[in-house]
J.: 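Pasting in a structure now, in structure tokens, and then I'll have a few things to ask.
Residue numbers run from 1 in the order of the sequence given.
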Amino acid sequence: MWHQDPSPRSWRSRWLSAVGLNILIAISFLVLPARAQESAAIAATVNDEVISSLDLDSRITMVVLFSNLPEEPGVAERIAPQIIQTMVDERIKMQEAKRVEIEVRDAAVTRAISRIERQNGMRKGEAIEILQRRNIDKSFLENQIRVDLTWAQLIRELYGRYYRISDAEIDGVLAEMARYAGKKEYHIAEIFLPIDDPARESTVSGNADRLVEQMRAGASFSAVAQNFSQSGTAGIGGDLGWVRPDQLPAELAAALPSLASGRISAPIRAADGIYILLMRGKRLAKGAPSRDATPIVIELQQLLVPVDASASATEVERRMQDARNMTTRVNSCAGLDELGKKIDSPLSGNLGKIALSKLPGETQNRIQELPIGKPSEPFRSGDGVVVLMVCSRSGGDAPALSTEEQREFIRSNLMNERLSVAARQHLRNLKRAAFIDIRVGL
């Protein structure tokens, strides 16, 4: 699916942007304890390579930790089939790269790590230092990045020369965008679970229901998309950018008007599988491409009304009503701060400025459209009942592009879309020709 929002980078750098999330995946391994030797039982065989049960177990642990999935009985068993499929795909990609003699130089991996550090607010060299402090060899992170870089280079070399974006195509896209100016468009992210076999529909549907439940309880949408989605957008957290309803399948387009910003849809059955959507924002189309908006930064004030962790549901509801009553006439962060002092709540106070995207999903949902100076609805937290207030909000502006930049932007998007389709088809063909023996339950 083609979309409008990303900045006009070359399609090569767009392809490499998927690596940005992988540093977080890799670093999440750092919380795993050192283990004694465990069983080397085979979880899957991919042509002449083996994925061990220990490999699978480590990856599952990483996904649970990074995605903020609940660490409860049954979670590992439910996600194992999707995780092993991802690991199989990685092996096939690297085997194909070896066959056609595609090799990424170490310098490219080093540059990618530096770029990722900048994207994640780290200073140069910090990612490697984090690994070293936990006695993790830096090659672990380098190998994770190498898979993405290698596959991107392979697809470029195999298919890039076959695609030419004509001026007429670009003119058509610009005309289409101009006709749509002033109409509503949506910034959405997707998780796609294909249904290749009708006999598996109930299984896939059940998995989708569980993922929605876990994300609404706080699991990271981006991380879940990275690890479970089978769409070409999985590597960038499922982000589709700004899209018009007519660019989407009818079933997805129908769900957009009623989906509030920050909310996750119920699973949506379409012709090729099941989709889960996250509404990141809504706006009126400008009629021309624009640069990426600057990050939205908010200053937050918190009021925490203490409630014992063992309190009954009735007691919690009573304290939530108390919080509503107390904050009804509060219309400023200073007023909320005074109220916190009045009830002697040491955990109340100013939380400082933070990028909206860095907050937990449920917190984003509560404050994304909350007017400045208006208290949020009370909600239960581990230490009590919390009310949030936005003190200030900045960012979100998207400066216009020059005519030349607009055309390059569209050219890059069209090329990126075609390479993504080629990548999915190439991987599908490789899997059909491969010997794959998966020994965990599907």
Side-chain angles (χ1 to χ4, degrees), residues 1-3 6-23 25-26 46-49 51 85-116 119 139-170 173 192 194 226 229-241 407-436:
M1 269 179 276
W2 186 81
H3 54 87
S7 57
R9 297 171 287 176
S10 72
W11 56 267
R12 291 175 173 82
S13 64
R14 290 280 316 282
W15 254 84
L16 299 185
S17 67
V19 182
L21 289 173
N22 285 350
I23 189 171
I25 292 289
V46 185
N47 293 319
D48 58 351
E49 292 187 34
I51 299 173
Q85 290 287 355
T86 299
M87 297 176 75
V88 166
D89 288 354
E90 291 172 354
R91 295 299 174 96
I92 289 176
K93 289 176 181 179
M94 294 306 290
Q95 289 170 6
E96 174 71 351
K98 183 178 180 181
R99 184 188 70 80
V100 298
E101 299 182 341
I102 297 292
E103 184 176 354
V104 170
R105 296 180 181 275
D106 291 343
V109 175
T110 300
R111 287 194 299 271
I113 292 175
S114 297
R115 182 166 57 251
I116 292 163
Q119 291 170 347
S139 63
F140 176 81
L141 174 59
E142 292 169 343
N143 290 338
Q144 290 291 105
I145 292 172
R146 194 179 300 275
V147 172
D148 289 319
L149 294 176
T150 301
W151 183 246
Q153 182 175 325
L154 183 150
I155 296 301
R156 279 199 308 273
E157 294 194 11
L158 290 182
Y159 297 100
R161 62 182 179 273
Y162 296 116
Y163 297 127
R164 294 292 182 269
I165 310 300
S166 69
D167 288 340
E169 285 182 275
I170 296 173
V173 172
F192 173 60
Q226 171 108 19
S229 180
Q230 298 299 305
S231 168
T233 62
I236 50 175
D239 190 31
L240 275 171
R407 298 184 70 84
E408 177 55 28
F409 163 83
I410 293 171
R411 190 186 308 275
S412 297
N413 270 299
L414 291 173
M415 178 64 78
N416 186 67
E417 181 183 69
R418 291 171 191 183
L419 287 175
S420 295
V421 171
R424 292 195 299 272
Q425 292 174 340
H426 193 66
L427 179 60
R428 184 166 58 243
N429 292 339
L430 290 174
K431 291 175 73 173
R432 286 173 177 166
F435 171 77
I436 301 172

J.: Between N47 (side chain only) and F435 (backbone N and O only), is there a donor and an acceptor less than 3.5 Å apart?
T.: yes
J.: Just verifying a value: how many Å separate I170 CD1 and F409 CZ, rounded to the nearest 0.5 Å?
T.: 11.5 Å
J.: Distance check, rounded to the nearest 0.5 Å: L158 atom CG versus Q153 atom CD?
T.: 10.5 Å
J.: Is there a side-chain contact between T150 and M94, using heavy atoms and a 4.5 Å cut-off?
T.: yes
J.: What donor-acceptor contacts under 3.5 angstrom involve side-chain atoms of residues 97-107, with partners at least two apart or in another chain?
T.:
| unit_1 | atom_1 | unit_2 | atom_2 | d |
| --- | --- | --- | --- | --- |
| R99 | NE | E96 | OE1 | 2.9 |
| R99 | NH2 | E96 | OE2 | 2.9 |
| D106 | OD1 | R146 | NH2 | 3.0 |

J.: Check salt bridge (Lys or Arg N to Asp or Glu O under 4.0 Å) between R407 and all other residues, then give those that pass, not counting sequence neighbours.
T.: D167, D171
J.: Taking only residues two or more places apart in sequence, or in another chain, which ones meet E157 in a salt bridge (Lys or Arg N to Asp or Glu O under 4.0 Å)?
T.: none
J.: Under the rule for side-chain contact (heavy atoms from CB on, under 4.5 Å), what residues qualify as partners of N429, not counting sequence neighbours?
T.: R432
J.: Return the CD to OG distance between E417 and S412, rounded to the nearest 0.5 Å.
T.: 13.0 Å
J.: Just by modelled atom types, is the F192 backbone N or O under 3.5 Å from a matching donor or acceptor in the S231 side chain?
T.: no
J.: Looking at CG of L427 and CH2 of W151, how far apart are the two atoms once the value is rounded to the nearest 0.5 Å?
T.: 5.0 Å
J.: Who pairs with R91 by side-chain contact (heavy atoms from CB on, under 4.5 Å), at least two apart in sequence or on another chain?
T.: V46, E49, I51, D55, Q95
J.: So, using side-chain contact (heavy atoms from CB on, under 4.5 Å) as the criterion, who are the partners of T86 when residues are at least two apart?
T.: R59, E90
J.: Taking only residues two or more places apart in sequence, or in another chain, which ones meet R428 in a salt bridge (Lys or Arg N to Asp or Glu O under 4.0 Å)?
T.: none
J.: Let me confirm one number: the CZ-CG distance from R156 to L419, rounded to the nearest 0.5 Å.
T.: 9.0 Å
J.: Heavy atoms, side chains only, cut-off 4.5 Å: are I410 and I165 in contact?
T.: no
J.: Might you point out which heavy atoms bring A108 and L149 nearest each other, and give the distance in Å?
T.: O-CD1, 3.9 Å
J.: Not counting sequence neighbours, which residues clear salt bridge (Lys or Arg N to Asp or Glu O under 4.0 Å) with K431? List them please.
T.: D89
J.: Apply ring pair (Phe, Tyr, Trp, His ring centres under 6.0 Å) to Y159 and list each qualifying residue two or more places apart in sequence or on a separate chain.
T.: H426
